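No experiment lies behind these values; they were computed from the predicted model shown.
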Amino acid sequence: MKTTQHFGLLYVMAAIVQIIICNYFHLSAYITLSILPAMILCIPMNVGTVPAMLIAFGSGLAVDALAEGLIGLNALAAVPVAFFRKPLVRLIFGEDVIEREGSISFRKYGPLKISAAVLVVQAVFLAIYIMADGAGTRPFWFNAARFGASVAAGWALSMVTAGVLLPDDKK
């Protein structure tokens, strides 16, 4: 018997996990852990770009309000990820997913393509987040080291998140 996946509930639970990560798992000044980009990538394709941007803004603002000190920082970085979500899916997974409003899955596309998409959304999110967080007060080498360490750590955590949020179809 196949159970249906309730994406909305899983998304809210992942947002709560992101809030917990921001509150309790500060590994160092060089690592910013975020699963928000993977959460936004996993939004179903039948959700348009503008609603996805609104979801990303709301998610980022919730994380900012309940976890981070700077209101708007996660929201600022999450909205461009939602904006580039469909072009990225079109580029990595093909036009078929967008036209049929299908879903991305590990079984259908494999971990390599999912990993590539997660790396791109992590890079976009963290580039904006780190630039806005530093706001010209930190040297380039510090921001570059923070970006590299954050992408590496965030990729692993985001792959787990994608594995939970993406449907498990056999197509």
Side-chain angles (χ1 to χ4, degrees), residues 7-8 10-12 14-19 21-22 29-95 97-99 101-104 109 113-138 140 142-166:
F7 181 79
L10 289 175
Y11 190 88
V12 169
I16 292 169
V17 168
Q18 176 62 52
I19 291 167
I21 288 169
C22 287
Y30 288 101
I31 297 177
T32 301
L33 289 176
S34 183
I35 59 172
L36 275 175
M39 291 168 48
I40 295 164
L41 177 67
C42 294
I43 294 174
M45 288 298 121
N46 61 355
V47 176
T49 301
V50 173
M53 290 171 69
L54 290 172
I55 291 168
F57 180 78
S59 303
L61 206 56
V63 170
D64 288 332
L66 298 172
E68 300 284 343
L70 297 172
I71 299 295
L73 194 57
N74 281 299
L76 172 72
V79 171
V81 171
F83 181 73
F84 290 116
R85 178 179 65 103
K86 283 199 177 182
L88 176 69
V89 167
R90 184 176 288 119
L91 178 70
I92 293 178
F93 302 108
E95 187 71 31
V97 177
I98 303 294
E99 287 178 0
E101 294 181 346
S103 60
I104 304 167
Y109 294 104
K113 284 188 176 185
I114 302 285
S115 181
V118 165
L119 279 172
V120 170
V121 295
Q122 278 283 344
V124 168
F125 179 87
L126 288 169
I128 295 168
Y129 185 95
I130 291 170
M131 281 190 333
D133 189 32
T137 59
R138 293 187 176 142
F140 174 76
F142 178 86
N143 287 337
R146 183 177 178 193
F147 178 79
S150 297
V151 167
W155 168 80
L157 197 57
S158 291
M159 287 299 286
V160 173
T161 303
V164 170
L165 290 177
L166 290 175

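To the nearest 0.5 Å, atom CG of residue Leu126 and atom CD1 of residue Ile31 are 11.0 Å apart. One finds the CG atom of Asp64 at 4.5 Å from the CG atom of Asn74 (value rounded to the nearest 0.5 Å). A distance of 7.0 Å separates CZ in Arg138 from CG in Asn143, rounded to the nearest 0.5 Å. Between atom OH of residue Tyr11 and atom OG of residue Ser59 there is a gap of 3.0 Å, rounded to the nearest 0.5 Å. In this structure, the separation between CG on Leu119 and OG on Ser158 is 9.0 Å, given to the nearest 0.5 Å. Distance check, rounded to the nearest 0.5 Å: CG of Leu41 to CG of Leu165 gives 10.0 Å.
Residues Leu88 and Val121 come closest through the heavy atom pair CD2-CG1, 3.4 Å. Scanning all heavy atoms of the two residues, the minimum distance from Leu10 to Val164 falls at CD1-O, 3.9 Å. Nearest heavy atom pair, residue Phe147 against residue Ala123, reads CE1-O, 3.5 Å. When every heavy atom of Ser150 is checked against every heavy atom of Thr32, the shortest pair comes out as OG-N, 2.8 Å. Across all non-hydrogen atoms, the minimal contact from Met39 to Thr161 is CG-CG2, 4.1 Å. Closest non-hydrogen pair, Leu33 versus Ala153, comes out as CD2-CB, 3.6 Å.
Side-chain atoms of Gln122 do not come within 3.5 Å of backbone N or O of Val151 as any donor-acceptor pair. Using modelled atom types, no side-chain atom of Asp133 and backbone atom of Leu73 make a donor-acceptor pair closer than 3.5 Å.
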* **Met45 vs Arg85, side-chain contact (heavy atoms from CB on, under 4.5 Å): CA-CA, chis, key distance, verdict** => CA-CA 9 Å; Met45 288 298 121; Arg85 178 179 65 103; 3.2 Å; yes
* Output, in order, the C-alpha distance, side-chain angles, deciding distance and verdict of side-chain contact (heavy atoms from CB on, under 4.5 Å) for Ile21 and Leu157. => CA-CA 11 Å; Ile21 288 169; Leu157 197 57; 3.6 Å; yes
Got a list of side-chain donor-acceptor pairs under 3.5 Å for residues 76-84, not counting sequence neighbours?
none

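For Phe57, the CZ atom counts as loosely surrounded, since its 6.0 Å shell holds 12 or fewer non-hydrogen atoms of other residues, nucleotides or ligands.
Ring-plane geometry between Phe125 and Tyr129 is classed as parallel, the angle between the planes falling under 30 degrees on a 0 to 90 degree scale with a further cut at 60.
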